[in-house]
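Worth knowing before you read on, the calculation uses all heavy atoms, side chains too, and leaves out hydrogens, waters and symmetry mates. Each chain gets a letter, A, B and so on, in the order its sequence line appears, and its residues count up from 1.
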There are 2 protein chains.
Amino acid sequence: MKIGQATIKDIARELNVSSSTVSRALKDYPGISDETKRKVKEVAEKLNYRPNAIALSLRKSRSFTIGVIIPEVVHFFFSTVISGIEEVAYSRGYNVILTQTNEKLTREKSSIETMLSNQIDGFLVSYSKETTDFEHFSKLLDQGYPIVFFDRVPDIPKAINVMVDDYQGAYDAVTHLIQQGYQRIAHLAGPRNLTISQERERGYRDALTNHGISIDPKMIVECPIGTDDESQKITRELYEKSSVKPDAFFANNDMAAVGAMLACKALGMKVPEEVGIVGFSNWQFCSMIDPSLSSVAQPGFNMGAKATEILLDIIEKKVDPEKINLPVTLDTELLIRKSSVRSHS
Amino acid sequence: MKIGQATIKDIARELNVSSSTVSRALKDYPGISDETKRKVKEVAEKLNYRPNAIALSLRKSRSFTIGVIIPEVVHFFFSTVISGIEEVAYSRGYNVILTQTNEKLTREKSSIETMLSNQIDGFLVSYSKETTDFEHFSKLLDQGYPIVFFDRVPDIPKAINVMVDDYQGAYDAVTHLIQQGYQRIAHLAGPRNLTISQERERGYRDALTNHGISIDPKMIVECPIGTDDESQKITRELYEKSSVKPDAFFANNDMAAVGAMLACKALGMKVPEEVGIVGFSNWQFCSMIDPSLSSVAQPGFNMGAKATEILLDIIEKKVDPEKINLPVTLDTELLIRKSSVRSHS
DNA sequence: TTGTATGCGTTATCAG
DNA sequence: CTGATAACGCATACAA
């Protein structure tokens with residue numbers, strides 16, 4: 001009827017035994033008669049007994065809950081990561097508490113506080129765009145809290161970082177464009193304070209350099225927001241106000257790539273014949289647009305899964321945090337579609 | 001140093017007072033000297049005291065945590081809903097525990113069990129495609145657990161349902177197609193056991209009927225999975241194997257709409273000149289594809305926010321569940337883009 | 001094989 | 001104004 005859930009005591013009373021006996025019987029402790037076990041389990045079933053995880057947490061100082069701090073839930077890549085996290089956590093019997101920071105540092109901090117209050121066993125975090133100081137994380141690490149960072153990872157001592165090989169992904173993408181005969185490849189860069197943006201830019205630069213193409217700073221434009229509108233505007237300006245005339249774009253993300261594509265089309269240029277485009281992330285829509293968008297696929301699900309596995313291994317002391325090969329890097333995969341392939345050079 | 005968090009007892013010991021005094025001082029109870037309060041707070045600060053939410057939960061039988069059960073995280077609409085949920089929960093001081101069912105009934109049930117074990121204060125659920133029997137929910141409702149269903153809602157007593165006006169959204173979409181001069185409008189329907197699919201189909205039917213167009217059962221095809229591949233195949237078959245030749249599609253979701261669009265293009269038909277297409281959900285990619293896809297926008301964020309507000313109001317007894325006007329329906333908005341607009345009939 | 005006592009961190013109740 | 005005690009549900013060291 002009402003909410004009063006049955007407890008161990010209720011079972012004990014019903015059977016005229018002590019609650020410790022019930023506790024032990026329920027967990028198949030050695031040294032409890034089969035007869036008692038049977039009866040206890042029977043009554044437990046009858047009363048619809050369900051262990052109180054809160055009481056357990058208090059007792060064990062373990063909540064079997066991990067906290068996930070993420071910039072935005074409504075983001076294809078992050079939602080994919082969450083899915084991987086949830087999957088592994090579920091299979092290993094852990095709960096997932098989720099908060100999004102909306103890219104706000106204050107919210108990042110307050111979420112950490114709340115989660116600490118709730119005695120979570122560990123953190124999985126991808127920090128906000130506002131976060132430039134990592135003191136609040138360092139402190140936790142120093143205190144011995146298990147944290148695994150993913151995707152957006154800080155460069156601080158003891159941090160365990162799981163990331164994709166952004167550098168290689170970018171390098172591959174730009175090399176591909178070069179091989180397709182594109183000569184003046186622009187880069188729509190991401191927010192400069194994020195390591196991932198820096199790595200992708202580095203991959204872009206090295207690919208050009210290693211293929212004997214000199215780097216033109218005007219060809220590198222930052223798209224701090226990352227929407228298609230923004231990059232559409234930036235792309236238009238690149239052609240109209242500047243002397244550079246890119247014949248290809250390597251974008252820091254797919255939205256920016258789509259913006260560039262739309263802008264180029266609007267300016268009367270043909271993709272991929274006149275302009276080649278490659279994005280980053282491989283969002284769902286890549287295969288649905290026309291021409292379909294080549295993109296560097298990030299293994300979001302795997303990243304979430306891997307980060308969670310490491311975190312849980314640390315929590316359960318199956319592994320020594322000091323002994324993990326860092327950083328953990330996952331391979332990207334360049335998916336070549338129509339937007340970057342010229343039938344003939 | 002190590003994990004041992006400071007507790008009320010630590011503060012009490014440090015000041016040679018009792019823990020009850022500390023507890024009261026921290027909460028600004030009347031009847032504690034300002035002097036004591038000051039000192040307690042000072043030490044609390046110094047020791048970096050943080051209340052143990054788990055102990056509080058045990059004491060109060062309230063966890064300030066709500067459980068969200070959702071089919072898939074990696075889904076634009078659902079991720080939007082989660083965002084709304086998280087936003088409201090955060091602002092009202094609640095945690096969000098998240099699980100995805102991957103459309104599996106067994107997982108739905110086991111997630112409920114886990115959450116009950118964790119003494120969550122209430123549920124927000126959108127059930128799985130496999131769920132046809134709602135006994136597990138009815139039982140909870142009968143026991144007085146607060147549950148608010150959203151999007152995929154069951155037709156059972158006491159259920160509090162938050163949904164979009166799928167009927168009206170579909171009706172508007174089909175009416176729009178008719179007004180654009182399309183005559184043979186097909187419907188790519190969703191899984192039949194979901195109310196939302198039924199409602200959308202009903203809207204489709206009524207729109208046709210009310211505009212004097214008779215309904216051809218062959219024009220209604222179920223797309224149980226909902227991927228673009230599936231609907232691409234189905235669309236092709238519609239033209240090749242069947243005698244019906246639709247000149248428009250109203251799809252149960254955007255992925256299916258894209259599939260239809262791709263299939264039509266592949267068959268050499270022009271969109272929107274020869275075939276009009278309208279989707280449902282207004283995923284991000286709608287504005288990015290060519291031609292841009294008209295779609296019925298669902299207020300996902302608002303749905304999550306609204307559902308959470310209702311749930312928390314019930315939990316905090318600010319509102320009597322019996323007195324809520326049901327169902328709670330949110331308006332859709334038809335976003336007309338290029339895929340359904342003929343310059344001239 | 002089972003029972004008793006204690007404690008996890010907090011607060012409500014009752015005394016003083 | 002403050003302290004002692006019990007209780008939330010459970011697990012375990014120690015006794016029997």
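The number of heavy atoms from other shown groups lying within 6.0 Å of NZ (A:Lys306) does not exceed 12. A 6.0 Å sphere centred on CG of A:Asp133 holds more than 12 heavy atoms belonging to other residues, nucleotides or ligands.
In this entry the distance linking CD1 of B:Ile8 with C1' of D:dA4 reads 15 Å, nearest Å. A straight line from CD1 of A:Ile11 to C1' of C:dT2 spans 16 Å, rounded to a whole angstrom. In this structure, B:Gln5 places its CD atom 10 Å from P of C:dG9, rounding to the nearest Å. In this structure, A:Ile32 places its CD1 atom 13 Å from P of D:dT12, rounding to the nearest Å. Rounded to whole Å, the distance from CD on B:Glu35 to P on D:dC1 is 12 Å. Whole-Å rounding puts the A:Asp28 CG to C:dT2 P distance at 13 Å. One atom, CG of B:Asn16, and another, P of D:dG3, lie 9 Å apart when rounded to the nearest Å. The separation between A:Asp10 atom CG and D:dC8 atom C1' is 13 Å, rounded to whole Å.
For DNA chain C, the neighbouring residues in residues 53-66 of chain A, judged by any heavy atom under 4.0 Å, are A:Leu58, A:Arg59.
Using a 4.0 Å cut-off between charged nitrogen and carboxylate oxygen, A:Lys39 and A:Glu42 do not count as a salt-bridge pair. Between B:Lys46 and B:Glu14, at least one side-chain N (NZ, or NE/NH1/NH2) sits under 4.0 Å from a carboxylate O, which counts as a salt bridge.
The aromatic rings of B:Phe77 and B:His75 sit perpendicular, their planes meeting at an angle over 60°, well past the 30° parallel limit.
Applying the 4.0 Å criterion to OP1 and OP2 of C:dC8, one finds that B:Lys9 has a side-chain N or O inside that range. Residue B:Ser33 places at least one side-chain N or O closer than 4.0 Å to OP1 or OP2 of D:dT2. The phosphate of D:dA11 (OP1 or OP2) has a side-chain N or O of A:Lys27 nearer than 4.0 angstrom. OP1 and OP2 of D:dA4 both lie 4.0 Å or more from every side-chain N or O belonging to B:Ser18.
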Got a list of protein N/O to nucleotides 13-16 of chain C N/O distances below 3.5 Å?
residue : atom : partner : partner atom : Å
C:dT13  : O4   : B:Arg24 : NH1          : 3.3

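Between the side chains of B:Glu86 and A:Thr99, no donor-acceptor pair of N or O atoms lies under 3.5 Å. The closest side-chain donor-acceptor pair between A:Ser23 and A:Tyr29, if any, does not fall under 3.5 angstrom. Side-chain contact, B:Gln5 with B:Asn48: no donor N or O sits under 3.5 Å from an acceptor N or O.
Contact annotation: the side chain of A:Val17 approaches that of A:Val22 to within less than 4.5 Å [non-hydrogen atoms, C-beta and beyond]. Taking 4.5 Å as the limit, some side-chain heavy atom of B:Tyr94 sits within range of a side-chain heavy atom of B:Ile315.
The residue B:Thr36 sits close only to the backbone: its heavy atoms come under 4.0 Å of sugar-phosphate atoms, none of a base.
Ranking C:dT10, D:dG3, C:dG3 by closeness to the B:Asn52 side chain, first place goes to C:dT10.
Ring pair B:Phe76/A:Phe76: centre-to-centre distance not below 6.0 Å. With ring centers used as reference points, A:Phe137 lies under 6.0 Å from A:Phe149.
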Fill in the blank from the handout: DNA chain C in dot-bracket form (Watson-Crick or G-U pairs under 3.5 Å, [ ] crossing, | inter-strand) is ||||||||||||||||

